[in-house]
Amino acid sequence: MSNPLNEKFNTPFETIPFSKIKTEHFLPALDDAIKLSKSNIESIIQCSDEPDFKNTIEKFETASEQLGMVSGVYWHLFGAHSDGEHKKLADQISVKMSEYQNDYVLNKSLFAKIESVYNNRSEMNLDVHEMKLTEDVYVFFKRNGASLSDEEKIKLREIDKQLSSLSPKFSNNSLSAQNNFELWISSEDDLDGLPDTAIDAAKYAAIEKDRKDEWLFTLQFPSYIPFITYSSKRHLREKMIKAYGSLCNGGDFDNSEIIKDIVSLKHKRANLLGYDSYADYVLERRMAQDVETVYGLLDNLYKHSFDAANKELSEIKDYAMELDGISDFRQWDFAYYKEKLKMKKYNFESETLRPYFKSENVLNGVFSIAEKMYGLKFNKLDNIDTWHKEVETFEVVDDKNEHVGLLYVDLFPRKTKRSGAWMNPILENGLYKGKVRRPQVVFVCSLTPSTDEKPSLLTFSEVTTIFHEFGHCLHGLLADGKYQTTSGTNVFWDFVELPSQIMENWVSEPEALKLFAKHFETGETIPEDLIKKIKESSTFGAGYLCLRQLSLGYLDMAWYTNTDKVDDVELFEQKAIEKTQLFPKIENSTISSTFGHIFSGGYSAGYYSYKWAEVLEADAFEKFKEDGIFNTDTAKSFRDNILSKGSLDHPMNLYKAFRGREPKVEALLKRDNLI
């Protein structure tokens, strides 16, 4: 049987022929790719020449490129578009990949050659790309057990094998539980308070299930967030909040034991490699460097945010009492009355912005901003095969019309897609199949979809999400490295959010908004008074939002610094974040049970990175504000020193090259009115 994953891609830009790839193609293609990779590794080991960069480090860099492509396509589809049959392969694929990695990482002969090149690197006349790759490969082997004894290597293999199957199980449970919940409404009275966009979407969802006289609300964010923010039906808001909080905490899709196993195994792995905890292991390769520094950041921000959050909550509680006599204010009241109070204070309701944020216009707007800053153009292509009919593809070119890369855009929710938003490279900038290639990156969200009555009209928060993920895309697209391992977004995790989070600043700048915020019916540019209200209300609730992020950071660090046995996930979580909680505990409600960032993503002992990067981006954006938000010299400096460099230098050195100094926390505290 022919297998498209094994064949040369006779497609524009050698793009993946997604429509030809079936679930049954993955395991055979993976096995073939592993066999090829092992052969390539063996040729390094058997080479009789003195180990050098070309015959050892560079050959290792390219040894598994076919395997990387096959597994990359699988995991991309696992998140973006997959059914149950596809997801069932996750365990097998994870285990095969883990065993293959351990086969080469724990190979004494291969490591001896890599160590030889590393020890003699200063005498080899290597350029900066080659030197960094040599160092990174050596460190990767060391941190994955290459120096362990034979007995310890056996233990490491078993740990990695178990871990490789747990993360996909966690993700599958989260998605299944989320898809399993449905709130059906049959009375129009129960729609009171909801905006037309939410009602239309719920009607559309119900029609798709052949229940045309009802409305369907789900826990997908484009349905869930408007409901808890605008529904006047307190008992239904309570039902939604409790349903979301109880996901995977017991029941058919319980993640409790999976969480305990993941945490325990990661600690055992770290101990085996000589670290006290998994957090110590992770932070060795981060800007923050150690647990104390992370807690220092969280505690510093906590001091400023807790009082602000408490004050905000008191004001909202008082307003709920004044408006509706709510004396037992609970979590399901917060978003609803916060929105009501914002309307009173600023004569501004978030839903009034939707007509100005048609999704196509927002996308074109972020493209226009990239053109003004970096000279980029985004040309839509109709000849690129994609994984779903909604996916759009763009060729990115520079001001000389030279190819920069490809961008895939997948904006709307579906049952085959996990919730949230992310960017990932399908092909990274760097050496691939014999030459340095330009990147192909993917940009995935789950935003408010269109209905039969209206196009996709976004909330301000969703617009911010587009800008955030697009910042990651720029980091991938504008990479300029020789090797994939040291290029693009392959930087320390607490630095990777700088390019994404800084882009969010442009969303509320008048100069930027006027480029794309046009009324979907009249074409009228967003009025000055609305822009002013966006600005005035931008820090409303900032203390609470900061405290919420800190609670997630504390929870993450608690899981990955605690090495004692955990009996009860809910109780452990409650103790970990107790000092950040402003509401009474909801029984059977947890964050951990669906906290994919730290249990099935790359943020284990790294969720603090969002606040760390916020300090960086707030400080960096001060430079843009001083020089002009579209100042091309400042943008060029950001591109040259941050976006293009990958991991060629330590992030602090890259930051200082752009800013002229180390970052200061004051910019963030001032912006959020925390000081």
Side-chain angles (χ1 to χ4, degrees), residues 193-198 222 225-226 228-232 308-309 311-316 318-320 322-323 333-359 361-362 365-366 368-369 447-448 454-468 501-546 548 614 618 621-622 624-625 629-630 667-674:
L194 291 170
D196 289 343
T197 50
I225 297 298
I228 64 169
T229 305
Y230 296 104
S231 172
S232 67
K311 185 178 176 183
E312 291 162 1
L313 182 58
S314 294
E315 190 180 10
I316 294 168
D318 290 345
Y319 188 62
E322 174 193 329
L323 199 65
D333 300 312
F334 180 77
Y336 178 74
Y337 287 103
K338 178 189 172 190
E339 188 64 27
K340 293 278 189 191
L341 181 57
K342 185 165 81 169
M343 181 65 183
K344 180 188 177 187
K345 288 180 72 139
Y346 305 102
N347 190 28
F348 171 58
E349 186 178 28
S350 299
E351 282 293 307
T352 60
L353 294 174
R354 271 197 202 260
Y356 296 96
F357 292 144
K358 185 179 176 183
S359 60
N361 293 347
V362 176
V366 82
S368 297
I369 289 167
L447 308 177
T448 301
K454 283 181 183 170
S456 166
L457 302 175
L458 307 181
T459 65
F460 187 75
S461 174
E462 288 176 321
V463 176
T464 303
T465 296
I466 284 183
F467 274 67
H468 178 101
Q501 290 185 195
I502 196 171
M503 279 302 298
E504 295 180 23
N505 289 281
W506 273 262
V507 182
S508 54
E509 290 295 318
E511 225 181 320
L513 278 168
K514 288 176 182 177
L515 292 174
F516 67 91
K518 317 276 186 184
H519 196 283
F520 80 102
E521 290 175 322
T522 66
E524 172 201 15
T525 301
I526 190 168
E528 291 283 352
D529 69 310
L530 266 184
I531 295 177
K532 186 181 177 188
K533 286 172 182 177
I534 290 172
K535 275 286 194 187
E536 288 174 347
S537 64
S538 63
T539 59
F540 180 64
Y544 183 88
L545 288 175
C546 183
R548 165 71 178 169
E614 227 177 308
F621 190 64
E622 287 285 310
F624 277 100
K625 286 200 291 185
I629 64 167
F630 292 127
L668 174 62
L669 297 175
K670 285 177 185 174
R671 186 180 71 189
D672 288 352
N673 282 340
L674 297 179

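All of these numbers come straight from a predicted model, not from anything done at the bench.
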For P226, does its backbone N or O pair with a side-chain atom of T229 as donor and acceptor, under 3.5 Å? no
Could you list the residues that satisfy side-chain hydrogen bond (donor to acceptor under 3.5 Å, both in side chains) with Y356, not counting sequence neighbours? E524
Flag yes if more than 12 heavy atoms outside K535 fall under 6.0 Å of its NZ atom; otherwise flag no. yes
Which pair of non-hydrogen atoms, one from K358 and one from P455, has the smallest distance, and what is that distance? CE-CB, 4.0 Å
Which of E349, E315, E339, E322 passes salt bridge (charged side-chain N to carboxylate O under 4.0 Å, His left out) with K344? Answer is E322
Out of curiosity, L530 CG to T525 OG1, how far, rounded to the nearest 0.5 Å? 12.0 Å
Which heavy atom of T539 sits nearest a heavy atom of R671, and at what distance? CG2-O, 2.9 Å
Would you please name every residue forming a side-chain hydrogen bond (donor to acceptor under 3.5 Å, both in side chains) with K514, sequence neighbours left out? E528
Looking only at atom types and distance, does a side-chain atom of K342 sit under 3.5 Å from a main-chain N or O of S350, one as donor and one as acceptor? no
Please tell me whether F516 and F467 form a close aromatic pair, meaning their ring centres lie under 6.0 Å apart. yes
Heavy atoms of L447 and L458 approach each other most closely as CB-CD2, 3.9 Å
What is the distance from atom CD1 of I316 to atom OH of Y319, rounded to the nearest 0.5 Å? 11.5 Å
Euclidean distance, S461 OG relative to L353 CG, rounded to 0.5 Å: 11.5 Å
Taken to the nearest 0.5 Å, the spacing of I369 CD1 from L513 CG works out to 8.0 Å
Return the CZ to CZ distance between F460 and F348, rounded to the nearest 0.5 Å. 7.5 Å
Quick one: do I225 and T459 satisfy side-chain contact (heavy atoms from CB on, under 4.5 Å)? Show the steps, please. CA-CA 10 Å; I225 297 298; T459 65; over 6 Å; no
Are there over 12 heavy-atom neighbours, none belonging to R548, within less than 6.0 Å of that residue's CZ? no
side-chain contact (heavy atoms from CB on, under 4.5 Å) assessment of E504 paired with E614: CA-CA 10 Å; E504 295 180 23; E614 227 177 308; over 6 Å; no
From CA spacing to verdict: salt bridge (Lys or Arg N to Asp or Glu O under 4.0 Å), E622, K625: CA-CA 5 Å; E622 287 285 310; K625 286 200 291 185; 3.4 Å; yes
Nearest atoms (heavy-atom pairs only) where L674 meets A308: CD2-CB, 3.8 Å
Going by heavy atoms in the side chains, are S537 and K345 under 4.5 Å from each other? no
Rounded to the nearest 0.5 Å, what's the gap from CZ on F357 to OG1 on T448? Could you check? 12.5 Å
Could you walk me through whether T197 and K454 satisfy the side-chain hydrogen bond (donor to acceptor under 3.5 Å, both in side chains) test, starting with their C-alpha distance in whole Å, then the side-chain angles of each, then the deciding distance to 0.1 Å, before giving a yes or no? CA-CA 8 Å; T197 50; K454 283 181 183 170; over 6 Å; no
Donor-acceptor pair, side chain of E351 and main chain of P195, under 3.5 angstrom: no
Shortest non-hydrogen separation from Y336 to Y230 and the atoms involved: CE1-O, 3.5 Å
Take E312 and F540 through the side-chain contact (heavy atoms from CB on, under 4.5 Å) test and state the conclusion after the steps. CA-CA 8 Å; E312 291 162 1; F540 180 64; over 6 Å; no
Applying side-chain contact (heavy atoms from CB on, under 4.5 Å), run through T352 and K533 and close with a yes or a no. CA-CA 11 Å; T352 60; K533 286 172 182 177; over 6 Å; no
Contacts of F621 that satisfy ring-ring contact (aromatic ring centres under 6.0 Å, His included) - sequence neighbours left out: W506
